[in-house]
Structures are given as structure tokens and as C-alpha cells.
Amino acid sequence: HVLERAVAGHRPAETVAALGDGTELLARGVDARYRIIDAATGRLIRAVGPPEVAQVSAGPLPDGRVRLVGVDGRHRIYGPDGLGAPVEIEGRIGSGLSWYSSDGARLMVVGADGALLLFDSRSGATVARLLDPDSGLKRVDCGPGYVSAVFGHAGVQARIWSAETGEEIS
């Protein structure tokens, strides 16, 4: 079994995700580090992420880049090979909850203060603050060109924004 071979040298692996065309896997070991491994042989290709920061989640983006979220609350986005300096999303991100646009260009996160924020995943810059911390965020969804959220405390509201600009559509 490919998965068993791929994680054999890194057991126990807690999570595994296919990268790109599936010839490489992203695996998280019990040491809270992610590694890119060859799916056919299980050979370690490289570790991803700063060694001094334990990682809480990771995954491939639609455009092939690799996203890591550290215990320090930062989203780091690496190139498809997992090498090079990452794009770091500005500021401390709260829960690590994130949603990506279908092309991977935009990242929506719940900030440390509970606000819903929209970032450019290629530069790390803030595009817009979509909802304030006291909005009562319940659900976020992304689609081609849009971001939507359901929120509210006493009554339920919904809004839709442009994923490109952060401007409200309806």
C-alpha cells in the first residue's frame, strides 16, 4: 500500500495529504513536523517549515503551494517544492481556521481577536477585514471569485464579498 510505504520511515504519521500529481505526500509526524516524502518509495525528500516551530496543520493549495500553520499562529506558504522563504501571513492568526479561494490566491482566516480577515496568499498582505470580532461568525464559504459568511447572535445574517477586492457584493 502506497500510504504505508510513504510513512514507514516517519511513523507514526498523524496526517498525510497528496501533493500535486500524487507522486509526493505531505506527512506530519508525532514530532509536529511536516515532511515531503516520495509516495512510491517512502523516501524522505525534505522537511518543511521552521524547525523551531511545531506545526498544527498543513495542506496543499490549489496552485500547488504548501500551507503550514504553526503553534505560533502564523500561516506560512511555501512553494510547491517546500523550499525557499515562505510567504508569512501578517499578524497572529487565532484558531488556525482558514479557507482558500478556489485558485489559492486568497486566504480567509479567523484572527486572534475573532475577526474574519482576507489576505493575499502570494504577498501575505491584508486585503480586507470582512467581519469584526463581535459578529458571531458561524460559517465561511469560498467559491470562484467570492467569499461568504453566515454570522449573528440574535438573528442570522449573511454577506458575500469579492475574493479579489474584499468589497461587499450583497
I need the [X] [atom1] to [Y] [atom2] distance, nearest 0.5 Å.
X      : Y      : atom1 : atom2 : answer
His153 : Lys138 : NE2   : NZ    : 7.0 Å
Ile36  : Arg46  : CD1   : CZ    : 5.5 Å
Asp38  : Thr23  : CG    : OG1   : 7.0 Å
Leu61  : Ile77  : CG    : CD1   : 5.5 Å

Legend entry - Under the salt bridge (Lys or Arg N to Asp or Glu O under 4.0 Å) test, residues paired with Asp141 that sit two or more places apart: none
Which heavy-atom pair separates [X] from [Y] by the least distance, and what is that distance?
X      : Y      : answer
Pro60  : Ala18  : CG-O, 3.5 Å
Gly104 : Arg65  : O-NH2, 3.0 Å
Glu164 : Arg106 : O-NH2, 2.7 Å
Arg33  : Pro50  : NE-O, 4.1 Å

Inset, instruction - Using side chain to side chain contact (heavy atoms under 4.5 Å, CB included) as the criterion, point out the one residue from Leu116, Leu131, Val127 that pairs with Met108. - result: Leu116
Group every Ile, Leu, Val, Met, Phe, Trp and Tyr by side-chain heavy-atom contacts under 4.5 Å, then state whether [X] and [Y] land in the same group.
X      : Y      : value
Ile45  : Leu25  : no
Leu118 : Phe151 : yes
Leu137 : Val147 : yes
Leu19  : Leu68  : yes
Tyr78  : Leu26  : yes

Inset, instruction - Output the rest of the hydrophobic cluster of Ile160: all Ile, Leu, Val, Met, Phe, Trp and Tyr residues reachable through side-chain heavy-atom contacts under 4.5 Å, sorted by chain and number. - result: Tyr146, Ile169
Inset, instruction - Using the side-chain contact (heavy atoms from CB on, under 4.5 Å) rule, take Arg122 and Asp63 through it: C-alpha gap first, then chi angles, then the decisive distance, then the call. - result: CA-CA 11 Å; Arg122 291 184 172 85; Asp63 61 6; 3.1 Å; yes
Legend entry - Residues in side-chain hydrogen bond (donor to acceptor under 3.5 Å, both in side chains) contact with Gln157, at least two apart in sequence or another chain: none
Inset, instruction - Decide yes or no for Ile37 and Arg43: does some side-chain heavy atom of the first lie under 4.5 Å from some side-chain heavy atom of the second? - result: no
Inset, instruction - Consider only side-chain N and O atoms of Ser121 and Arg67, and report whether a donor and an acceptor are under 3.5 Å apart. - result: no
